[in-house]
Amino acid sequence: MTAERINGVGAAPGLAIGQAVHWRKDHPKVETHTVDNTDQEVARLEETVDQAKEQLTRLRETTRERMGEDEAGIFDAHLSFLDDPAYIGEMKNRIRNQKRNAESICAEVTEEMSSMLASLPDEYMQARADDIRDVGNRILLLLSGIEPFDPSLLQPGSIVVAEELAPSDTAQFPPGIAAMVTARGSKTAHAAIMARTLGIPAVLGLGDHIDRIQDGDTLIADGEKGTIILSPDPETEEQARKEMERQRELREAALKKADEDAVTSDGKRIQVFANIGSPADVEAALENRAEGIGLFRTEFLYLENDQWPTEEEQIRAYRKVLEAFGDKPVVIRTLDIGGDKDLPYAELPKEENPFLGHRAIRFCLDNPEIFKTQLRALLRAGVYGNLWIMFPMVESVSEIREAKRLLEEARTELEREGVETASPKVGIMVEVPAAAVTADILAKEVDFMSIGTNDLTQYTLAADRGNERVAPLYDAAHPAVLRLVRQTCEAALKEGIVAGMCGELAGDPHMTEILIGLGLDELSMSAGTIPEVKEKVRRTDTEKARTLADEALTRQAPEEVRSLAKEEN
Ligand code: PEP
Ligand code: MG
């Protein structure tokens, strides 16, 4: 068989070579028939639902042991479906009213609910559609008495091949799985998040191509590029093995030095921080020697809940992170919903242009009670560490002043209640072009600024960050974006405040030198890239970096900036 390269989506980085094993998912054939004794049929369904609950509770427990409480929490959504009157209750009603067998009713109700959820524009709700399909299939397998796929068939070094993997599948991976490749799924799917947590390379979205893969075929999966090579020739395999070895050595060398500070060859200290989405990410941040947290995206706390998280719930989450980092800075960003992040219980009205709409600080300032709960939680949790509070999507001085006024109001309330409060530094994200252009004015109002290149790029280039069709236009290395970065850094320097970056660009090791040359003091990124970026900092000379950055600002297009950056690396 000849080697074949197939392109998909890289969802968890890393390179792996292994033998393919199909994760066979049985979707039982559902037949419809009438039942006379509906009570008996309802009882059969109830018994099955109890068995499903037992299975899921066990899975939750093993996941908690292997991956932590947050990953285990994914199964709470599954378990809650099993108690949901709109789901299980509806099945029972239909069995009674329509006198049909549990299998056909279960398949029907699951399909209706999952289609409804999948049709919603929000990615989070779409993921719930996958969850309910997974739960429905579990009930159907139990009703039909079919044994599910046995994960013990997976030898260490196997590459799991599947149509799609649910978190309940990934959670059953035995240790030593080399990679996972699937026909469907996106980077933000829960299974992809789990793969990243487990450090397993993942290539998703390969479509029907996976049907050509046979059990036992050799595969090379590249989770960085998002490609697989099916049945590679010995030369390609050898090259891949060398590349794996090179990556492993690089990573080990960088990790060995990761404890050392990131200081340029001429003595400028650059803080290299981690971005996190929940307290569960702290472990990876510490393992990779983050010198602090440059962005804690708190919206996940809200997205994982089915109602507004209470002050106490929030304190627990913030405190965990603050305590883990002791006196090192932890930048906690206040709620950033709207745009692509919907919150079902917030009942946000549909907007024509959500990214230009009522999101982030705009929503918070118009909902002071919700905002103040978070500010109170932050002020209370702040006494356990070195808290920096950051407001997202700011574009004007008046927004900063109003946010700070509410922060002071929250403090006064707490002091009146006799509760101890922290005195955090207060800063903003610079992710709207208006903020970058007027950074000299905004810098006077805050203790620090952190550039969010993910949004700054989409707003500067008028290219939706989530739209595949404009993806070629969306590149943070565009000179227009870099000019705004330079402008922001100069304003921060003039006011003597910290200029950081927490967008994805900060974690691109090829860009480290240019970013230092633009004047950044702090770079915050996903934990895995910290050791490599620290190493790049150590090899940078700030004068040379400045000349390189000046040069980059004169280039016409992002590709030119990137090739300039590569020449230097
Ligand atoms: C950004 O916009 O660069 C950023 C870090 O925020 P988010 O990706 O959460 O919008
Ligand atoms: Mg943003």
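Counting convention: from 1, in listed order, for ligands and their atoms alike. Each residue takes its place number in the sequence, starting with 1.
Figure legend: cation-pi geometry between R60 and F75 absent, as NZ or CZ is not positioned both under 6.0 Å from the six-membered ring centre and within 45° of its axis.
A salt bridge links D222 with K225: the closest approach of a Lys/Arg side-chain nitrogen to an acidic carboxylate oxygen falls below 4.0 angstrom.
Geometrically, ligand 1 and E299 share no nitrogen or oxygen pair separated by less than 3.5 Å.
Comparing heavy-atom distances from atom 10 (O) of ligand 1 across R297, E431, M390, R465 singles out R465 as nearest.
Contact annotation for R333 and ligand 1: only side-chain heavy atoms (C-beta onward) come within less than 4.0 Å of the ligand. Contact annotation for L295 and ligand 1: only side-chain heavy atoms (C-beta onward) come within less than 4.0 Å of the ligand.
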Exercise for the section: Evaluate the criterion salt bridge (charged side-chain N to carboxylate O under 4.0 Å, His left out) for residue pair D261 and R289; output intermediate values, then yes/no. Expected result: CA-CA 10 Å; D261 291 340; R289 308 293 188 268; over 6 Å; no
Exercise for the section: Test L301 against Y318 for side-chain contact (heavy atoms from CB on, under 4.5 Å), laying out the working first. Expected result: CA-CA 10 Å; L301 199 68; Y318 306 152; 3.8 Å; yes
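N275 and S524 are linked by a side-chain donor-acceptor pair at a separation below 3.5 angstrom, with hydrogens and angles left out of the test.
Looking at E431 and the Mg ion (ligand 2) together, the shortest N, O or S contact belongs to OE1. Taking the N/O/S atoms of D455 in turn, the shortest distance to the Mg ion (ligand 2) belongs to OD2.
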